[in-house]
Undergrad: 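Could you have a look at this structure, given as C-alpha cells, before my questions?
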Amino acid sequence: MSLISQLSFGQSARAILDKVAATLSNKGGVTATFHMSNKGIGSVSGNISIKGRKFHAVTLQAVTWFDGKTQWTYLKRNGEVSVSSPNEAQMQAINPYSFINIYKKGYALTRREKGNNYEVTLKATGRQKIQKMVIVANKRTYTPSTIKLCQNGQWTIFTISKFRRASLSDSHFRFNAKDYPKAEVIDLR
C-alpha cells in the first residue's frame, strides 16, 4: 500500500471517529445499555447516561454519578457513597465513553468495513495507557456497538445496545442524598 493510500485510509478512520464522537456528544445527552467484560476482573452489565463529560451509570453492584468535576459512587452491598474528584487517567478507567476522543493524538488509525459497520482500530504510537482500541460503529448512524480496549495486555470489551438520544437535566449527574437517606458518605477529595 502506498503512503498516499495509507494517509487517505487513516483520514477516513479519523472522519468516522469524528462522527462517532459527535453522536456521543449529543447536546441533550445519550443513554445506552452496556455489558463490560474483562478476564481479569469479570463482567458487569448496566445502563449509562452521558452528557458531555458527565455520566451516570447503574449496575447491580453500584450507582455512579459524575457531574464533570465530582464523582459519587454508591456501593449497594455496604450502603456507602464515596465522593472523589477523579483526574483524566482515572476518568478513562471509570467512564466507558471518556476515551472516545483519545484518537485525536498519539494513535495510528486504520479502518475496515464489516457488513453494516465500520471497524476502526487505534494503535498507540507512544506509551499511552490504552495501547490498542477497536471501535465498531454503525455505518448509517455512527452509534458504537462494540468498544474493545487493551491496557497492560488485558482486553476490556464493552458491548452497547439500546443507544438513544435523550434530554437529560444536569441534576441527573449528581448524587442526591435524599434518595439515599441511610447511606454513609465518605469524602475522599
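The residues of the chain are indexed from 1 along the displayed sequence. Atom set for the values below is all heavy atoms of this structure, side chains included, hydrogens, waters and symmetry mates excluded.
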Undergrad: For a quick test of your reading: what N or O donor-acceptor pairs under 3.5 Å do the side chains of residues 176-189 make, sequence neighbours left out?
TA:
{"unit_1": "Asn176", "atom_1": "OD1", "unit_2": "Lys178", "atom_2": "N", "d": "3.0"}
{"unit_1": "Asp187", "atom_1": "OD1", "unit_2": "Arg189", "atom_2": "N", "d": "3.0"}
{"unit_1": "Asp187", "atom_1": "OD1", "unit_2": "Arg189", "atom_2": "NE", "d": "2.9"}
{"unit_1": "Asp187", "atom_1": "OD2", "unit_2": "Arg189", "atom_2": "NE", "d": "3.4"}
{"unit_1": "Asp187", "atom_1": "OD2", "unit_2": "Arg189", "atom_2": "NH2", "d": "2.6"}

Undergrad: Counting only heavy atoms not in Asn116 (residues, nucleotides, ligands), do more than 12 fall under 6.0 Å from its CG?
TA: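 No - once you tally the heavy atoms of other residues, nucleotides and ligands closer than 6.0 Å, there are 12 at most.
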
Undergrad: For residues Lys104 and Arg14, report the shortest heavy-atom separation together with the two atoms involved.
TA: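 Shortest heavy-atom separation between Lys104 and Arg14 comes out as CA-NH1, 3.4 Å.
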
Undergrad: Do you know the tightest heavy-atom contact between Met133 and Ile102?
TA: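 What the structure gives for the nearest pair is CE-CD1, 3.4 Å.
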
Undergrad: Counting only N and O atoms by type, is there a donor-acceptor contact under 3.5 Å from the side chain of Gln131 to the main-chain atoms of Asn152?
TA: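 Yes, because the side chain of Gln131 sits within donor-acceptor range (under 3.5 Å) of the backbone of Asn152.
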
Undergrad: For Leu60, which residues count as a side-chain contact (heavy atoms from CB on, under 4.5 Å) partner, sequence neighbours excluded?
TA: none

Undergrad: To the nearest 0.5 Å, what is the distance between OG1 on Thr159 and CZ on Phe34?
TA: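 Separation between the atoms: 11.0 Å.
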
Undergrad: Hey, does Ile130 have a side-chain heavy atom less than 4.5 Å from the side chain of Tyr107?
TA: yes

Undergrad: Rounded to the nearest 0.5 Å, what separation is found between the NZ atom of Lys129 and the CD atom of Gln151?
TA: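 Result: 5.5 Å between the selected atoms.
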
Undergrad: With sequence neighbours excluded, what pairs up with Arg164 under the side-chain contact (heavy atoms from CB on, under 4.5 Å) test?
TA: Thr31, Ala166

Undergrad: Assess, by modelled atom type and distance only, whether the side chains of Glu80 and Ser82 contain a donor and an acceptor separated by less than 3.5 Å.
TA: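 No, no side-chain donor-acceptor pair sits under 3.5 Å.
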
Undergrad: Please list, chain by chain and in numerical order, all residues satisfying side chain to side chain donor-acceptor pair (under 3.5 Å) with Arg77, sequence neighbours excluded.
TA: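 Once residues adjacent in sequence are excluded, Arg77 has no partner under the side chain to side chain donor-acceptor pair (under 3.5 Å) criterion.
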
Undergrad: Using atom types as modelled and distance alone, determine if a side-chain donor or acceptor of Gln71 lies under 3.5 Å from a backbone N or O of Pro86.
TA: no

Undergrad: Taking the side chain as every heavy atom from C-beta outward, state whether Leu149 and Phe158 have any atom pair closer than 4.5 Å.
TA: yes

Undergrad: If every non-hydrogen atom of Gly40 is compared with every non-hydrogen atom of Gln154, which pair is closest and at what distance?
TA: N-OE1, 3.6 Å

Undergrad: So, for Ser171 and Ser169, which heavy atoms are closest and what is the spacing to 0.1 Å?
TA: OG-OG, 2.9 Å

Undergrad: So, using salt bridge (Lys or Arg N to Asp or Glu O under 4.0 Å) as the criterion, who are the partners of Glu113 when residues are at least two apart?
TA: Arg111, Lys139

Undergrad: Quick check for you: to the nearest 0.5 Å, what is the distance between Ile48 atom CD1 and Phe163 atom CZ?
TA: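 Ile48 CD1 to Phe163 CZ: 10.5 Å, rounded to 0.5 Å.
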
Undergrad: Under the rule for salt bridge (Lys or Arg N to Asp or Glu O under 4.0 Å), what residues qualify as partners of Asp18, not counting sequence neighbours?
TA: none

Undergrad: Is it the case that one hydrophobic cluster holds both Val44 and Phe66, taking links as side-chain heavy atoms less than 4.5 Å apart, direct or via other members?
TA: yes

Undergrad: If you group Ile, Leu, Val, Met, Phe, Trp and Tyr by side-chain heavy-atom gaps below 4.5 Å, do Phe173 and Val81 land in one group?
TA: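 No, it is not one cluster - the side chains of Phe173 and Val81 are not joined through contacts under 4.5 Å.
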
Undergrad: Using a 3.5 Å cut-off and no angle test, enumerate the donor-acceptor pairs between side-chain atoms of residues 140-147 and protein atoms at least two apart in sequence or in another chain.
TA:
{"unit_1": "Thr141", "atom_1": "OG1", "unit_2": "Asn138", "atom_2": "OD1", "d": "3.4"}
{"unit_1": "Thr141", "atom_1": "OG1", "unit_2": "Thr143", "atom_2": "N", "d": "3.4"}
{"unit_1": "Thr141", "atom_1": "OG1", "unit_2": "Thr143", "atom_2": "OG1", "d": "2.9"}

Undergrad: Quick one: are Leu17 and Leu122 in side-chain contact, heavy atoms under 4.5 Å?
TA: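 SC-SC contact between Leu17 and Leu122 confirmed.
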
Undergrad: Given the rule that I, L, V, M, F, W and Y join up when any side-chain heavy atoms are under 4.5 Å apart, are Val136 and Tyr118 in one cluster?
TA: no

Undergrad: Using 0.5 Å steps for rounding, measure from the CE atom of Met36 to the OG atom of Ser45.
TA: 9.0 Å

Undergrad: Taking atom NZ of Lys132 and atom CH2 of Trp155, what is their separation to the nearest 0.5 Å?
TA: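 Answer rounded to 0.5 Å: 5.0 Å.
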
Undergrad: By ring pair (Phe, Tyr, Trp, His ring centres under 6.0 Å), which residues pair with His172, not counting sequence neighbours?
TA: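 For His172, the residues satisfying ring pair (Phe, Tyr, Trp, His ring centres under 6.0 Å) (neighbours in sequence not counted) are His56.
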
Undergrad: Could you pull out all residues at least two apart from Ser25 that satisfy side-chain contact (heavy atoms from CB on, under 4.5 Å)?
TA: none

Undergrad: Taking only residues at least two apart or on different chains, which pairs with a member in residues 37-52 satisfy salt bridge (charged side-chain N to carboxylate O under 4.0 Å, His left out)?
TA: Lys51-Asp170

Undergrad: According to side-chain contact (heavy atoms from CB on, under 4.5 Å), who are the partners of Lys162, at least two apart in sequence or on a separate chain?
TA: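 Scan of Lys162 (side-chain contact (heavy atoms from CB on, under 4.5 Å), adjacent residues dropped) gives Thr33.
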
Undergrad: Could you tell me if the side chain of Lys54 sits less than 4.5 Å from the side chain of Leu168, heavy atoms only?
TA: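 In short, these two side chains do not touch, never coming nearer than 4.5 Å.
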
Undergrad: What is the distance from atom NZ of Lys148 to atom OG of Ser37, rounded to the nearest 0.5 Å?
TA: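 One gets 9.5 Å once the value is rounded to the nearest 0.5 Å.
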
Undergrad: Report the residues that fulfil side chain to side chain donor-acceptor pair (under 3.5 Å) with Thr125, sequence neighbours left out, ordered by chain and then residue number.
TA: none

Undergrad: Evaluate the side-chain contact (heavy atoms from CB on, under 4.5 Å) criterion for residues Trp72 and Asp67: first the C-alpha distance (whole Å), next the side-chain angles of each, then the deciding distance (0.1 Å), finally the verdict.
TA: CA-CA 9 Å; Trp72 299 264; Asp67 67 1; 3.4 Å; yes

